[in-house]
Every structure is written in structure tokens, then in C-alpha cells.
Novice: 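So that we are looking at the same thing, I have put the structure below in C-alpha cells.
By convention in this document, chain letters (A, B, ...) are assigned in the order of the sequence lines, proteins followed by strands, and residues within each chain are numbered from 1. Only a predicted model underlies this, so the values are computations on that prediction, with no experimental measurement involved.
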Number of protein chains: 2
Amino acid sequence: MQKTAVVKSNDHIAAQLAPVGRETVQDRVYLELRRALIGGLFEPSQVLTIRGLADALMTSTMPVREALGRLITEKALEALPNRSVRVPPITLERMDDLLRARILIEGEAIALAATRMSPRQVSVIESMLSEWDEMRALKLKKDVDREVTLNQSFHFEIYRACGSAVLIPMIESLWLQSGPCIRVAIYAFSEAGEVDTAHFHRRIVGALAVQDAAAAREALIADISRPFNFLRNKLQSEAASKGTS
Amino acid sequence: MQKTAVVKSNDHIAAQLAPVGRETVQDRVYLELRRALIGGLFEPSQVLTIRGLADALMTSTMPVREALGRLITEKALEALPNRSVRVPPITLERMDDLLRARILIEGEAIALAATRMSPRQVSVIESMLSEWDEMRALKLKKDVDREVTLNQSFHFEIYRACGSAVLIPMIESLWLQSGPCIRVAIYAFSEAGEVDTAHFHRRIVGALAVQDAAAAREALIADISRPFNFLRNKLQSEAASKGTS
DNA sequence: TCATTACAAGTGTGATCACAAATCAAAAAT
DNA sequence: ATTTTTGATTTGTGATCACACTTGTAATGA
């Protein structure tokens, strides 16, 4: 026993330095990649290698390949016939497909949430609006990362209130899939003149406060449709200009 | 040029000789487990061990653990804090949750399919009805496996026609999650007096034939609700009898 | 007799190695 | 100069090993 303890002493010290012993490395890698995908840190069509990610995340290939497998089944990544994996490319068809699914499922989730949220929960959501105004006030530099994170928190705080353990993972999967698109759109947003995200979110909160499920669904649809419509116009105009050149 | 043609012909022949050379072991394991889950071959709350499955599937632990990870992210399996994995147990809340999601998403899928299916495609679906009658005719032994498979083929042949690469994987995930419940219900069906599945499927085909999306959705909802309602009654009566005993 | 402890078997996790297939680059042949 | 071929590098896949943790059981204590 002592002998093995001596051999293990390195591991033991490492374990003390990293007291988060509960979570596994593969979960950490999975969450890291997930965050990167939702945030749009990877470009569409970018190919990812197991060893490359393992080096970047300071671990072996083992946890990475399991995380990649999980992300592939969620359609957040794509397995090519080469056996290599890449971020799915953006196409108009896929965008419309994703938007339709998001309208369907997230719309249902918020309608459910509207009838179930307590005034207490609504006030929590409402308080998140002020963070937006804060960020808006000191918007010297465009903090796209923070905007993405805040937007995500706002929406999922609502979805969590729908009380469906089935719908929420599906919504997470949809966000994972549309992450790369959204990032492009939000980035283009901050260039193309300030469109007030907070305005749409206030509409949502207003509908939730009076438990108007239909209004909440409509407001949500308007909110999540914006980046898709924006990106669609952008892609179409690009295609048109390429056609004329 | 001729030489390369010759070289390629070898590959071509090899591909013909071993047409399963493309699929990896982990995919085989994943599909195997998936099939078992949808078919309800695993009992709810049953715990699965990596080494046990590896022995049963005649492979090492490596492909199995990747497959389990994928199934866990699809919520087809559940990761306990023990780090062991099990088939999720059945609860009334979860059943209702699953049914609501299936009505929402599969209903939308069939509504889309109704407007997009060609008469050619409808006739393909229609021809599947006769298989049911066949099976019904020689129903000496209750072939639950075949019934489950046939039901699956029928539904997904329709869903595939909706043309959404986003909705279909979600439906697959939902079937994966509700598989263990359904099996229990179908098995109980064949005991509790013949309810005609084919009748509901004929209603669906009839609506699709005239491209009536609303009617198709209604017929589908009636079809997929049956096993859930049946199982709900069963669980409730069991709980009641346990309460009185 | 019952509870606690110590030991043993089992299980998941991560790392490393071996191998095959794919990719790329340079060299050779036409 | 272009194409083909060959060799080296990279990459994914599967197997095996070492370790940590849990679980179950037998031995020891009160």
C-alpha cells in the first residue's frame, strides 16, 4: 500500500491542486467545446482534429474523442466520410430549417413557461434586463462575447421555467447547431447600426409578466428570427453581387 | 490512365466484397444499442456496464464507452452520480413530457410531409399497410419485435418526407427515449384485446393522400398517444391498487 | 448479535501504444 | 512541364494498461 502510495504521490499532489475532482476531464472538454460552439468561436466548415484539440486543452486524446462523438450525435459537429470532423457549413436551407425548429420548440417552451412562471421568477428575468442597459451604457468596445452569454442566460432562464426535461436538451442542441450562424449575425449586427436587442427582450418580459402565452411566443419568435433574417439577407445579397460581378 | 483504372477496380471489388468496411466498430455498437433501446430490449432502470456490453458485443471497452457517451447525451441513457449508466426509469411526469414533445415535433413533421409528399411517395406508404394485414392474418404468435419494427418504418418513412434535417434527428432521439415505455405498452396491448393499429395508420395515409396537413396531424396524434394513454392508465391503476392493499 | 472495519472484486476514467487509412510532398517518369 | 508514383507524416480507431473510486463481503470489534 505504501509502495503504491509513493508511486502515486505525483498524482496525489496534482489531485490536491485540482480539488474539482468530481467532474471528469471529458465533461470539462465537452463543456469547453460546447461553449466555444455556441459562442461561435469556431468557423463554419472548420475541421477539428483530435490531437490538435487535445493539445489545446492540455489533455490526452481520450476525453477529446468522446466529447467529439457526443457533439456529433447532437449534430453540433459533422463527421465527414474521411472520418475527420468539422463544424457544419452554413447554407440557406439549413438556416431556415434551424429557424423553423427553433420557432416550434422554443415557442412551445416559452408558452409553457408563461403559464407556469411565478411572479418571483418573472422578476428574476426582469432584473436581467438592467444588465443589458448597463452593457449598453458603457459600450465603448463591442463585447460580443458578453452579449452572446447574456442572451443565452436570458433565454435559458425562461426555458428552464417550462419544466420540461425533454424540451430543454433539445433547445440546447438547437442552440449548439445554430451557434456558428448566430455569431456571424451578431457580429454583423454591431456593425450595421444598433438594433436594440433589449427592446425585444422587454416585450418578452412584458408578456410573461401578464402570463400571456401567445404574446410571449410571438415576441420570442420575433427575437430569435432577427439574426436569421439578417444573415439570410446578407447571404442572398452576397450571392447576388457575386452573380453580377 | 489504364493502370489507375485497374488499381481502382481492385478497390471497387474489395468494396463489394466487404461492403461493411466503411462502418466503424463504434458505429456498429451504437446502432446495436440504439436498436435494442428503441425495441425496448432493455428494462427501465436497468444498469449497463461497459465491460459487460463489450463482452456481449464481442469487442473491447473502447467502442462501447463511446457509444454509451453518445446515448447519454441523447438522453436515451442516464448517467448516475456513481458514474454508472442505466436505462432511465419510467415516471408519469416523464411520459407526459415525452408525449407532449412527440405531439409537437412529430405533428409538425407530418404536417410538413403532407404538403410535400408526392403521390408516388404516398403510394409507398400505403403499400406498407398491407404488410400489417399480412402479419395480422398469420398472427398465431405475437411477434412484438416485428410489430415494433414495422411501426417504426411506417412512421419514419413519413417523417423522412418532411425534408427537415433538423427535425428528424430530434424525432429519433424522442423514439430512443420513449422506446422502453412503448415496448411495455405494446406488449400489454397484445394482451388486452386487439386494438387495431392498422386502423389508425389508414387514417394517416388517407389524410396524406389528399394532402390534408391538419387531418394528418390529428390522426398521427391519436396514433402515438395510444400507448402512452394505455400505459398511463396501467400505472395509475397499479398505484391505486397498491394504495388500497 | 450487531455494527464497524478491512479486504477484495468490479467499474469507470484517462493515458499510451499499434495499426490502417488518408494526406501531403517530393522525386521520378513520361 | 505535367503527371505519376513513392515515401513520410498525420489522423482516426481500437486495444491494453494503470489508477481511483465504488461496492460488496468477510473478519473483527464491542
Novice: Would one find more than 12 heavy atoms of other residues, nucleotides or ligands at under 6.0 Å from atom CD of A:Q46?
Specialist: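 Enclosed.
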Novice: Is the phosphate of C:dT23, meaning OP1 or OP2, less than 4.0 Å from a side-chain N or O of A:N82?
Specialist: yes
Novice: For B:L48 and C:dG10, what is the distance between atoms CG and P respectively, to the nearest whole Å?
Specialist: 18 Å
Novice: When you compare the side chain of A:F156 with that of A:E172, does any pair of heavy atoms fall below 4.5 Å?
Specialist: yes
Novice: Would you kindly give the CD1-to-C1' distance between A:I50 and D:dT10, to the nearest whole Å?
Specialist: 12 Å
Novice: Can you tell me how far P of C:dT23 sits from CZ of A:R86, to the nearest Å?
Specialist: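 Roughly 13 Å, once rounded to whole Å.
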Novice: Run the salt bridge (Lys or Arg N to Asp or Glu O under 4.0 Å) test on A:D27 and A:R70 for me, step by step, so that the C-alpha distance in whole Å, both residues' side-chain angles and the decisive distance to 0.1 Å come before the verdict.
Specialist: CA-CA 10 Å; A:D27 285 339; A:R70 292 166 70 177; 3.3 Å; yes
Novice: Does the cation-pi check pass for A:R102 over A:W175, that is, NZ or CZ under 6.0 Å from the six-membered ring centre and within 45° of its axis?
Specialist: yes
Novice: Considering every strand and a 4.0 Å limit on heavy-atom distances, what is the contact class for A:L68: base, sugar-phosphate, or nothing?
Specialist: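 Touches nothing.
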Novice: Heavy-atom contacts under 4.0 Å between residues 27-37 of chain A and DNA chain C, which residues?
Specialist: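 Per residue number, the list is empty: none.
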Novice: Roughly how many Å is it from CG in A:L80 to P in D:dT11, rounded to a whole number?
Specialist: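 After rounding, the reported distance stands at 15 Å.
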Novice: Set out, in order, the CA-CA distance, both residues' side-chain angles and the distance that settles side-chain contact (heavy atoms from CB on, under 4.5 Å) for B:M170 and A:L174, then state yes or no.
Specialist: CA-CA 10 Å; B:M170 303 192 120; A:L174 286 173; 3.6 Å; yes
Novice: When the distance from CE of B:M58 to P of D:dG14 is rounded to whole Å, what number comes out?
Specialist: 16 Å
Novice: Determine whether any donor atom in the side chain of B:R51 lies under 3.5 Å from an acceptor atom in the base of C:dG10, or the reverse, and answer yes or no.
Specialist: no
Novice: Within residues 59-67 of chain A, find the residues that approach DNA chain C with a heavy atom at under 4.0 Å, and present them sorted by residue number.
Specialist: A:T59, A:S60, A:T61, A:M62, A:P63
Novice: Going by side-chain contact (heavy atoms from CB on, under 4.5 Å), B:L71 matches just one of B:L48, B:L37, B:V85. Which one?
Specialist: B:L37
Novice: Here's a test for you: under side chain to side chain donor-acceptor pair (under 3.5 Å), which of B:K75, B:R94, B:E74 qualifies with B:Q177?
Specialist: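 For B:Q177, the side chain to side chain donor-acceptor pair (under 3.5 Å) check succeeds only for B:R94.
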Novice: Between D:dG12, C:dT13, C:dA22, which one does the side chain of B:R83 approach most closely?
Specialist: C:dT13
Novice: Less than 4.5 Å apart, any side-chain heavy atom of B:L53 and any of B:L68?
Specialist: yes
Novice: Between A:S153 (side chain) and A:T149 (backbone), is there a donor-acceptor pair under 3.5 Å?
Specialist: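 Such a contact is found between A:S153 side chain and A:T149 backbone.
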Novice: Within this structure, what is the CG-to-C1' distance between B:D55 and D:dA15, rounded to whole angstrom?
Specialist: 14 Å
